[in-house]
Amino acid sequence: MNAPRKVILREVALRDGLQSEKRFIPTEQKLELIRTLAAAGVKHLETTSFVSPLAIPQLRDAAELMARVEREQLEHEVMVPNLKGAQRAIDARADRLILFVSATDAHNRANVRRSVRESMSDADAIFSLANDHRVPVAVAIAVAFGCPYQGPVSRSDVFEMARHFAERGADRITLADTSGLANPAQVSDMVAFFRGRLPDVAFCLHLHNNRGIAMANLYAGYLAGIDLFDTSLGGIGGCPNIPQAAGNLATEDAAFMFEAMGVETGLDLTGLITAARMLEEILQHPLPGQVMKSGLPEVRPTFLV
Ligand code: COA
Ligand code: ZN
């Protein structure tokens with residue numbers, strides 16, 4: 001059996017979630033949310049991104065937020081699009097950089113105004129800078145399962161990108177279904193293909209829920225051996241450069257499923273629900289998460305044998 005006994009849910013609501021909100025959420029409220037997540041057992045956060053404040057004004061407080069976060073219990077990973085972002089993130093003492101590059105030119109241009117080739121050659125300077133400061137770098141490959149602008153994406157093209165970055169020192173690659181186009185059969189196939197050929201690289205799945213099948217995709221990835229998933233409290237987020245982006249997989253929903261199956265997440269479900277309801281109050285609109293609405297069942301689900 002490939003399926004892990006323990007999984008890590010990386011919390012991306014602060015970055016992927018808040019970047020899609022219309023309103024700027026004050027730094028103080030972001031810090032309160034982080035404290036509530038930490039109390040629920042969250043240890044791995046994608047805390048913010050160091051991008052242009054003109055592109056994503058919602059995260060313009062990245063440096064201030066990083067200066068004020070609690071660091072003992074929490075790993076603060078941050079997204080960067082270019083060398084300037086990497087320098088700012090290192091100055092802010094990020095625990096890890098996540099460089100994001102799309103699998104297609106059309107999405108990469110919409111997101112970071114560069115061709116894939118240009119982003120890939122910029123990456124060399126980022127790896128070298130991060131290496132000098134002993135900061136690990138992961139790469140997130142956006143639209144890895146299909147692109148809303150360009151259509152199908154070739155598995156071998158995505159794999160060549162992953163191999164290129166692994167050779168330059170990426171110890172983790174995130175395969176991102178940025179537009180909710182993946183299906184479980186494709187996820188199983190991609191995961192087996194990539195893990196088999198890059199056994200020293202950790203893989204993470206980032207699955208958007210535009211069409212309601214992200215949880216099935218997550219489960220397919222889990223069965224194929226993945227133990228690291230990006231999830232977002234309350235299910236908020238989605239990519240701002242994708243038409244009809246409609247949410248993420250809710251952390252508390254994924255945690256509920258894993259815990260019900262006896263797979264450890266290290267997370268406290270009651271604490272996550274508290275955090276999701278708090279987030280809903282901060283954002284002042286209903287969130288897509290489901291367990292935060294239904295609550296926990298009185299009888300914990302278990303296997304009948
Ligand atoms: N952080 C802050 N400022 C940045 C920056 C960064 N990482 N990268 C560039 N800038 C600044 C430059 O210093 C320059 O400022 P100036 O006009 O005051 O001199 C300005 O932005 C333009 O620089 P340029 O290199 O021409 O960038 P661009 O306008 O082509 O934009 C990106 C490119 C990557 C910076 C921008 O598209 C971006 O931040 N995209 C992020 C999108 C995103 O986060 N999407 C969601 C993630 S899935
Ligand atoms: Zn996302």
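We count ligands from 1, going down the list as the structure has it; atoms in each ligand are counted the same way.
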Report, as yes or no, whether the 6.0 Å neighbourhood of atom CZ on R68 holds more than 12 heavy atoms from other residues, nucleotides or ligands. yes
Only heavy atoms of G85, strictly under 4.0 Å: list the atoms of ligand 1 that pass. 7 (N)
Is there an N/O/S atom in D230 at a distance below 2.8 Å from the Zn ion (ligand 2)? no
Please determine whether any non-hydrogen atom of M79 lies less than 4.0 Å from an atom of ligand 1. no
Does an N or O anywhere in R113 fall below 3.5 Å from an N or O of ligand 1? yes
With atom 25 (O) of ligand 1 as the reference point, say which of R114, R88, Q19 has the nearest heavy atom. R114
Kindly identify the option in N111, V51, V143 whose heavy atom sits closest to atom 37 (O) of ligand 1. N111
Ligand-residue contact atoms, ligand 1 with I56, heavy atoms, under 4.0 Å: 43 (C), 44 (O), 45 (N)
As an exercise, state the distance from CG of L65 to CZ of R15, rounded to the nearest 0.5 Å. 13.5 Å
Could you tell me whether the side chains of E259 and T265 share a donor-acceptor contact shorter than 3.5 Å? yes
Look at atom 21 (O) of ligand 1 and find which of A86, S52, A142 reaches it with the closest heavy atom. S52
As an exercise, identify every atom of ligand 1 less than 4.0 angstrom from a heavy atom of A55. 38 (C), 39 (O), 40 (N)
Can you give me every donor-acceptor pair (side chain of residues 229-236, partner residue at least two apart or in another chain, under 3.5 Å) with its distance?
residue	atom	partner	partner atom	Å
D230	OD1	R10	NH1	2.7
D230	OD2	R10	NH1	3.3
D230	OD2	H206	ND1	2.7
T231	OG1	T251	OG1	3.0
S232	OG	I236	O	2.8

Around Y219, counting heavy atoms of other residues, nucleotides and ligands shown, do more than 12 lie under 6.0 Å from its OH? no
With a 4.5 Å heavy-atom cut-off, do R168 and V139 have their side chains touching? no
Ligand 1-proximal atoms of L54, by part, heavy-atom distance under 4.0 Å: neither
Is E75 salt-bridged to R93, going by a charged N under 4.0 Å from an acidic O? no
Taking only distance into account, with no hydrogens and no angle test, what donor-acceptor pairs under 3.5 Å do side-chain atoms of residues 128-135 form with protein atoms, sequence neighbours excluded?
residue	atom	partner	partner atom	Å
H133	ND1	L129	O	3.0

About how large, to 10 degrees, is the angle NE2 of H208, then the Zn ion (ligand 2), then NE2 of H206? 100°
Can you list the atoms of ligand 1 that are under 4.0 Å from a heavy atom of R15? 47 (C), 48 (S)
Checking one value in my table: which N/O/S atom of D16 lies closest to the Zn ion (ligand 2)? OD2
Derivation of the salt bridge (Lys or Arg N to Asp or Glu O under 4.0 Å) call for R117 and D105: CA-CA 8 Å; R117 192 175 287 273; D105 277 331; over 6 Å; no
Contact atoms of ligand 1, heavy-atom distance to F50 under 4.0 Å: 1 (N), 6 (C), 7 (N)
